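The figures here come from the full heavy-atom set of this structure, side chains too, leaving out hydrogens, waters and symmetry mates. Everything numeric in this text was worked out from a predicted model, so none of it was measured. Order of the sequence lines fixes the chain letters, A, B, ..., with proteins taken first and strands second; residue numbering starts at 1 for each chain.
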There are 2 protein chains.
Amino acid sequence: MAAHASLPAPWDTLPAQLRARGQRWTPQRDAVVRALSSARGHLTGSQLVDLCRATDPSVVPSTVYRTLDALEELGFVRHSHGADGREEYHLGPDASHGHLHCAVCGGQWQIQDDEVDAVSAAFAGRGFAVDASHVTIVGRCRACTAAGN
Amino acid sequence: MAAHASLPAPWDTLPAQLRARGQRWTPQRDAVVRALSSARGHLTGSQLVDLCRATDPSVVPSTVYRTLDALEELGFVRHSHGADGREEYHLGPDASHGHLHCAVCGGQWQIQDDEVDAVSAAFAGRGFAVDASHVTIVGRCRACTAAGN
DNA sequence: ATTAATGCAAACGGTTTGCACTACT
DNA sequence: AGTAGTGCAAACCGTTTGCATTAAT
């Protein structure tokens, strides 16, 4: 089959995107996506496994991880590494506008999603919710470091 | 025995501190400390294991990890979780003066070592060297979050 | 009918644990 | 002598893999 009770927001185009690449939409992938979208924020791989199995006990870890790989390839999820040292997956490309600022050359770069995640995770333990759009990190960029500054 | 070719900087008082607590100084702990101090920056647990075994093949993983626990209890090392998702250990308390700033209540808190490490690790991949003393993270503190702001 | 995706079970790497033995104090 | 610390080997957890089977296309 492949349950289709209409997917939320960014996921609704997913089945089509998969099929366009010759890939398939399955009940298991549906379960993974629903678990992902129901849980706001980030999930570790094993949390996701448990969540999926709660609704559909037939879902097996390998399927979850393989599905995540597939979703990541399409840019629907990204993964980083949480403060607990486990893989952490989160929803697709959302705008984050943090910046990296080189104190030497004055260059600026946008901070990427997974980097924001890592920063957020660093302070999650003390209950501090990082505002991703206001993160500015000062330091020295690769070029300036290489130049010996 | 317990090799004693004089330990570098902050470690020289370690044997005494251990003994003061009824704990012991062993060649294995010596090996771990030397590996830690020789490697500038951070090391994962398994990197440390390998490093130790390179000089002293008799050192076994469990001993390394147990030693790290002991060192951490004394405040000689701290551990965080690196971008590769593994435990990462680093040298004792060094001054870092980054701050957390709550956009709601205006409160400020000092960023801790392991948090700085996590932030640094987030950008290490792109060759950006974070200036720990200039990290300021804006967000919402636990209290303000709890208050529903 | 094809072949992508699944379930299973086994393997993996890093870390932790129980226990008898060793060696620091 | 007393006991903290060790080495070993086995357990553990999250993740990955090989392979025969199932099911979406």
Send over the distance from [X] [atom1] to [N] [atom2], rounded to a whole Å.
{"X": "B:L18", "N": "D:dT3", "atom1": "CG", "atom2": "C1'", "result": "15 Å"}
{"X": "B:L43", "N": "C:dG14", "atom1": "CG", "atom2": "P", "result": "14 Å"}
{"X": "B:D69", "N": "C:dG14", "atom1": "CG", "atom2": "P", "result": "18 Å"}
{"X": "A:R19", "N": "C:dA4", "atom1": "CZ", "atom2": "C1'", "result": "13 Å"}
{"X": "A:D30", "N": "C:dA5", "atom1": "CG", "atom2": "C1'", "result": "15 Å"}
{"X": "B:R53", "N": "D:dT6", "atom1": "CZ", "atom2": "C1'", "result": "13 Å"}
{"X": "B:Q28", "N": "D:dA4", "atom1": "CD", "atom2": "P", "result": "16 Å"}

Open item on the list: Under 4.0 Å from OP1 or OP2 of D:dA23: is there any side-chain N or O of A:T26 that close?
Closed with: no
- [ ] Respond yes when some side-chain nitrogen or oxygen of A:Q23 is under 4.0 Å from OP1 or OP2 of C:dA5, and no when none is.
- [x] yes
Open item on the list: Using a 4.0 Å heavy-atom cut-off, does A:R66 contact any base of the nucleic acid, only the sugar-phosphate backbone, or nothing at all?
Closed with: base
Task: Closest to the A:R29 side chain, choosing from D:dT6, C:dT6, C:dG7 - done: C:dT6
Task: Candidate nucleotides D:dC8, C:dG7, D:dG5, ranked by approach to the side chain of A:V60 - the nearest - done: C:dG7
Task: Main-chain N/O of A:F128 paired to B:R142 side chain as donor or acceptor, under 3.5 Å - done: no
Task: CZ-CG distance between A:R53 and A:L48, expressed to the nearest 0.5 angstrom - done: 12.5 Å
TODO: With rounding to the nearest 0.5 Å, note down the distance linking OG1 in B:T67 to CZ in B:R29.
DONE: 5.0 Å
Open item on the list: For a side-chain contact (heavy atoms from CB on, under 4.5 Å) check, start with the C-alpha distance between B:V33 and B:W25, then their side-chain angles and the critical distance, and finish with the verdict.
Closed with: CA-CA 11 Å; B:V33 165; B:W25 185 243; 3.9 Å; yes
Open item on the list: Return whichever of B:R24 or B:P61 has its heavy-atom-nearest nucleotide of DNA chain C closer to the 5' end.
Closed with: B:P61
Task: Nearest-nucleotide comparison on DNA chain D, the residue closer to the 5′ end among B:G22 and A:S62 - done: B:G22
Open item on the list: Walk me through whether B:R126 and A:E115 qualify under side-chain contact (heavy atoms from CB on, under 4.5 Å).
Closed with: CA-CA 10 Å; B:R126 49 156 94 185; A:E115 297 168 332; 2.8 Å; yes
